[in-house]
Amino acid sequence: MEKKYDHKIQEPEIQKKWEEKGIFTGKIDKNKKPFTIVLPPPNANGKLHTGHVLMLAIEDILIRWKKMQGYSTLWVPGTDHAGFETQVVFERHLKEKGKSRFDYDRDSLYKEIWDFVQENKGVIESQIKSMGPGLDWTRYTFTLDDKVVDTVYETFQRMVEEGMVYRDDYIVNYCPKCGTTFADLELRHVTRKDPLYYMKYGPFVVATTRPETKFGDTAVAVHPNDERYKEYIGKEIEVEGLNGNLKLKVIGDTFVDPKFGTGVVKVTPAHDKNDYEAGRRHSLEIKSVIGLDGKLNENTGPYVGLSVEEGRKKVVEDLQRKGLMIKIDYDYEHTVSVCYKGGHDIEPTVLPNWFIKVENFKKPALDVVINKEVKIYPRWREITYVKWMEEMRDWPISRQVVWGIRIPAWYSVEENPSIQVTFLNKKKERITGKVSDLIKKYSFSEIEEGLQSLIAPKNAKSIISKARPNGNYLQETDTFDTWFSSGHWPLVTLGYPNSDDFHYFYPTSVMETGWEIIRFWVSRMIMFGIYLTGKPPFSDVYLHGLVRAIDGKKMSKSLGNVIDPLDYVSEYGADALRMGLISGTANGKDFAFPRDKVVAYRNFANKLWNMARFILLLMENNEVVEYKEGNDKNITDVDKEIIQKLRSLIYGVNNSLEKFRFSDASDLIYQFMWHEVADNYIEYVKTREDKGVALGVLKYVFTTGLKVLHPFMPFVTEAIWSNIETNGLLIENRWPE
RNA sequence: GGGCGGUUAGCUCAGUUGGUUAGAGCGCCACAUUGACAUUGUGGAGGUCAUAGGUUCGAUUCCUGUACCGCCCACCA
């Protein structure tokens, strides 16, 4: 053995040994109990970050611990297509080539992104492997694999048949100039001055920058504790308008800031995100007044056909004429959302969207947590889950993103003449309009082949089908919310509904992930698991904290404090990095990257290495009297003491791991090996006359300690094992009782 | 604004049902190189456990208020 432990040489070699022997290939063994984890899939197009390392470390500890205990373990890896995020990265890439997504038809764009991801996904896979996780790569899954898409389609079809899917309006960031919607992250926020208009609304005065949307008002809102207006809450008021009187509900809602303006807000659910949310809370009518062409629609009476700017001017004049305009503040500064593409004003608009009824999902998904069928660690995170489930409203599942699983709904253009389509014609010109008009100028196949997006009306007729129906059918261009498909993750990775794997390994044992996605992801997995199989997909949920930068702040590119875990792997080794992260925090709280601990555990690896060297040195000069439990005639009290401490170490580590207290467990084994075995016992062995006996005990204690340490620092323990034991690989040995 | 968490040694953090001298890693000081390891060993200094009250025989631990800090969500019509 070299004088120093060299992780750079050892880690890849050890990794190869595990792989060659297929150590972590899951095996269906009816004589063993299964222990299953599915890996939360990292972005296929991304890089490994410290959060991934922590996740891999925790899950690997559990897998190796259970495997050594005799369970038939399976840990399934996968990567995520990361819908919107990847599309943004790809578009940046397009921009470098002077292009944008609007230069491609939908199918070509999808294919381009697919190829782009295929080129890059090897990076994350090899980075994952460098951390030494005991994953079964023969069962690797990508979130856009056919088996995933098929299962998602089947679920969707079933839900449609059971009446759990409906179409309704949903507010989106729509740009009338671009004829498309934008994600929140695609918006730019600009600060500018616009007049703030104070208009008379029955007994109130409301302040607004958007008087032209007043025809879409279906309520006014005040803060529920505002003494000035308390008496009106729940009542209906009559308001003099420009097209006759209108009746508005008065609602009390905390989204209103009583200190702003007059403390009374006009509520336009169809054209303001905030108002939309309030509208859903209070079941208000959604009345759209601006069309997809950006012009005021028929709901505005005589103003129909005017642009938003023209309409606003005219409405203001008419209000002034009628004496309904109280005052105008021309000095009002606010932020406005504009699209990133052309800098046009975003018009929040309601568009038809696919929704899932959650009413039947909620209770079972809530119950399994409350009655502890699914246990959440740490306990206090349970509150987040419970609140979310209680408040959950129907789930809008369509997204206007290309990179995802396309909703399998097909619209007949003959039956749905008012569908708005946007496509590239043969000359690559972008055409937008009603399909019934465009079909007169273009062939159906030209429209279909060049299709970028379509917007079908709320009541459009559609066929749900994986395959294209015969006839002039256009497929829905929206994709599923990524959480809709990833909610199936434990099912699809295990071959739901009818594979041997599924019957043996499902439900899984532990779901381990970052706490920030408990609401988006964990809740959806539980919902779909129960819906499709009657059983929640896992019995324990462990939520780890966020790894922050060394300065304690959240890592971000703009702050320049992002830590690349691979730098630490190459400098200190994967073992040291893993162990450092594990012992840096205990309770799933966020924590700053524990750099000092990583160094400390690098030193620890070297310490262990040298302990082994010392034992080997003794073995060269002494005949070892192998120590066996129960056979302790010749041993001393000090020997007995270290064996006793080993026993309580094993007990303590098991106990901590069962409670997901990884830091406690890693601390115990560290203290034991370094301070009990190395500092005390080895020094004592040096003084012994009967070296062979003491050496036997030392070897027993040390190798047993290696077993206990192995799940935490798999590489160095395996490397040492191969030098002092002939008994196969360490990971193939039994966990000490 | 709503929710969650934090405030313990110079730094980063543990502290499992309230109970004798409050712990670890790193850092610092002194000493040590006589079978492995300087990525080492031995010893040591260092904390009125944010703050004000309350419950209790007893509070870092439970309750309430206050002050900072962090995160998530929603965001100014």
Side-chain angles (χ1 to χ4, degrees), chain A residues 1-7 189 194 196-199 206-211 213 217 220-221 223 253-268 271-275 277-278 332-335 378-384 387-388 391 514-519 545-546 548 550-554 572-573 576 579-580 583-618 620-622 655-656 659 661 663-664 666-668 670-671 674-675 678-679 682-683 685-687 691:
Chain A
M1 288 173 85
E2 297 296 318
K3 195 169 170 186
K4 279 185 185 172
Y5 173 64
D6 188 343
H7 62 266
H189 302 279
D194 278 312
L196 183 64
Y197 303 94
Y198 286 76
M199 310 187 294
V206 302
T208 182
T209 53
R210 312 263 338 243
T213 63
D217 290 355
V220 294
H223 194 278
D253 198 295
T254 50
F255 89 94
V256 180
D257 177 2
K259 292 189 286 291
F260 185 89
T262 56
V264 187
V265 190
K266 72 188 207 55
V267 181
T268 325
H271 297 289
D272 182 286
K273 212 167 185 182
N274 221 358
D275 292 4
E277 292 296 332
Y332 177 61
E333 200 174 79
H334 67 153
T335 49
R379 261 305 281 292
W380 50 269
R381 292 285 188 208
E382 208 180 283
I383 298 168
T384 316
K387 285 204 177 202
W388 165 254
E391 291 168 9
W515 62 266
E516 69 276 10
I517 53 178
I518 182 172
R519 307 201 303 191
L546 185 79
R548 294 206 292 263
I550 292 169
D551 57 13
K553 297 206 174 88
K554 195 173 171 173
Y572 302 104
M579 192 73 164
S583 68
T585 185
N587 291 329
K589 278 184 296 206
D590 293 354
F591 62 105
F593 183 80
R595 179 196 202 127
D596 290 344
K597 298 245 181 187
V598 177
V599 178
Y601 285 111
R602 187 273 313 259
N603 296 351
F604 182 47
N606 191 56
K607 184 75 183 180
L608 293 162
W609 184 257
N610 277 286
M611 287 165 76
R613 285 180 65 218
F614 181 67
I615 290 169
L616 284 173
L617 195 71
L618 290 185
E620 280 171 23
N621 308 320
N622 300 278
N655 202 258
S656 298
K659 291 189 271 186
R661 298 186 65 92
S663 170
D664 286 0
S666 66
D667 236 39
L668 286 173
Y670 173 86
Q671 292 297 330
W674 198 316
H675 300 301
D679 291 347
I682 285 184
E683 292 307 315
V685 170
K686 288 177 185 172
T687 68
K691 279 281 186 312

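Residue numbers begin at 1 in each chain, while the letters A, B, ... track the order of the sequences.
The OG atom of A/S666 sits 11.5 Å away from atom CZ of A/R661, with the distance rounded to the nearest 0.5 Å. Distance check: A/Y5 OH to A/N603 CG gives 13.5 Å after rounding to the nearest 0.5 Å. In this structure, OG1 on A/T262 lies 10.0 Å from CE on A/M199, to the nearest 0.5 angstrom. Between the NZ atom in A/K4 and the CH2 atom in A/W609 there is a gap of 13.5 Å [rounded to 0.5 Å].
Residues A/F614 and A/I682 share a closest heavy-atom pair of CE2-CG2, 3.5 Å. Closest non-hydrogen pair, A/L668 versus A/S656, comes out as CD1-OG, 4.3 Å. Shortest non-hydrogen contact noted between A/T209 and A/Y197 is O-CE1, 4.2 Å. Minimum interatomic distance between A/G580 and A/P594 (heavy atoms only, all atoms of both residues): O-CG, 3.3 Å.
Listed by chain and number, the residues in a side-chain hydrogen bond (donor to acceptor under 3.5 Å, both in side chains) with A/D596 amount to none (sequence neighbours excluded). Not a single side-chain hydrogen bond (donor to acceptor under 3.5 Å, both in side chains) links A/K597 to another residue, sequence neighbours left out.
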Worksheet item: Along nucleotides 21-38 of chain B, 5' to 3', which nucleotides get a B, which get an S, and which get a -, given that the test is a protein heavy-atom distance under 4.0 Å?
Response: ---SBS--------BBB-
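The NZ-P distance, from A/K589 to B/G6, rounds to 5 Å in whole Å. Between the CG atom of A/N274 and the C1' atom of B/C73 there is a distance of 13 Å, given to the nearest Å. Rounded to an integer number of Å, the gap from CZ of A/R379 to P of B/C4 is 15 Å. Straight-line distance from the CG atom of A/D6 to the P atom of B/U39: 15 Å, rounded to whole Å. Put simply, CZ on A/F591 is 11 Å from C1' on B/U12, counting in whole angstrom units. Between the CH2 atom of A/W380 and the P atom of B/C4 there is a distance of 11 Å, rounded to whole Å. Here the C1' atom of nucleotide B/G5 and the NZ atom of A/K387 are 14 Å apart, to the nearest Å. Atom C1' of nucleotide B/C13 and atom CZ of A/F593 are separated by 15 Å, given to the nearest angstrom.
One C1' atom belongs to B/G54, the other to B/U61, and the distance between them is 15 Å to the nearest Å. Taking atom C1' in both B/G15 and B/C49, one finds a spacing of 10 Å when rounded to whole Å. Across B/A74 and B/C69, the matching P atoms stand 23 Å from one another, rounded to whole Å. Taking atom C1' in both B/U55 and B/G65, one finds a spacing of 15 Å when rounded to whole Å. A gap of 25 Å separates the C1' atoms of B/C26 and B/U21, to the nearest Å. On the P atoms, B/G6 is 23 Å away from B/A22, given to the nearest whole Å. The same atom, C1', is picked in B/C37 and in B/A32; the two are 15 Å apart, to the nearest Å. Nucleotides B/C76 and B/U17 are separated by 46 Å at their C1' atoms, to the nearest Å.
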Can you tabulate the close N/O pairs, meaning under 3.5 Å, that link protein atoms to atoms of nucleotides 69-72 of chain B?
unit_1	atom_1	unit_2	atom_2	d
B/G70	O2'	A/R548	NH1	3.3
B/C72	OP1	A/K554	NZ	2.4

Every protein N/O within reach of nucleotides 59-64 of chain B N/O, cut-off under 3.5 Å:
none

Discussion item. Only Watson-Crick and G-U wobble pairs with both distances less than 3.5 Å should count. Give RNA chain B in dot-bracket notation, marking inter-strand partners with |.
Written reply: (((((((..((((.....[...)))).(((((.......))))).....(((((..]....))))))))))))....
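Listed for the A/D272 side chain is no donor-acceptor partner under 3.5 Å among the backbone atoms of A/T268. Checked by atom type and distance alone, the side chain of A/D590 never pairs as donor or acceptor with a backbone atom of A/G545 at under 3.5 Å.
Around CD of A/E683, the count of heavy atoms belonging to other residues, nucleotides or ligands within 6.0 Å exceeds 12. The neighbour count for A/R210 CZ, taken as heavy atoms of other residues, nucleotides or ligands under 6.0 Å away, is above 12.
Put simply, A/K273 has no side-chain N or O that comes within less than 4.0 Å of OP1 or OP2 on B/A74.
Residue A/A605 is the one, among A/A605 and A/V264, whose nearest nucleotide of RNA chain B lies closer to the 5' end (criterion: closest heavy atom).
Note on A/T209: only backbone sugar-phosphate atoms sit closer than 4.0 angstrom, heavy atoms only; bases stay farther off. Residue contacts for A/A207: at a heavy-atom cut-off of 4.0 Å it reaches a base atom on one of the strands shown.
Relative orientation of the A/Y670 and A/W674 rings is tilted, given thresholds of 30° and 60° on the angle between their planes.
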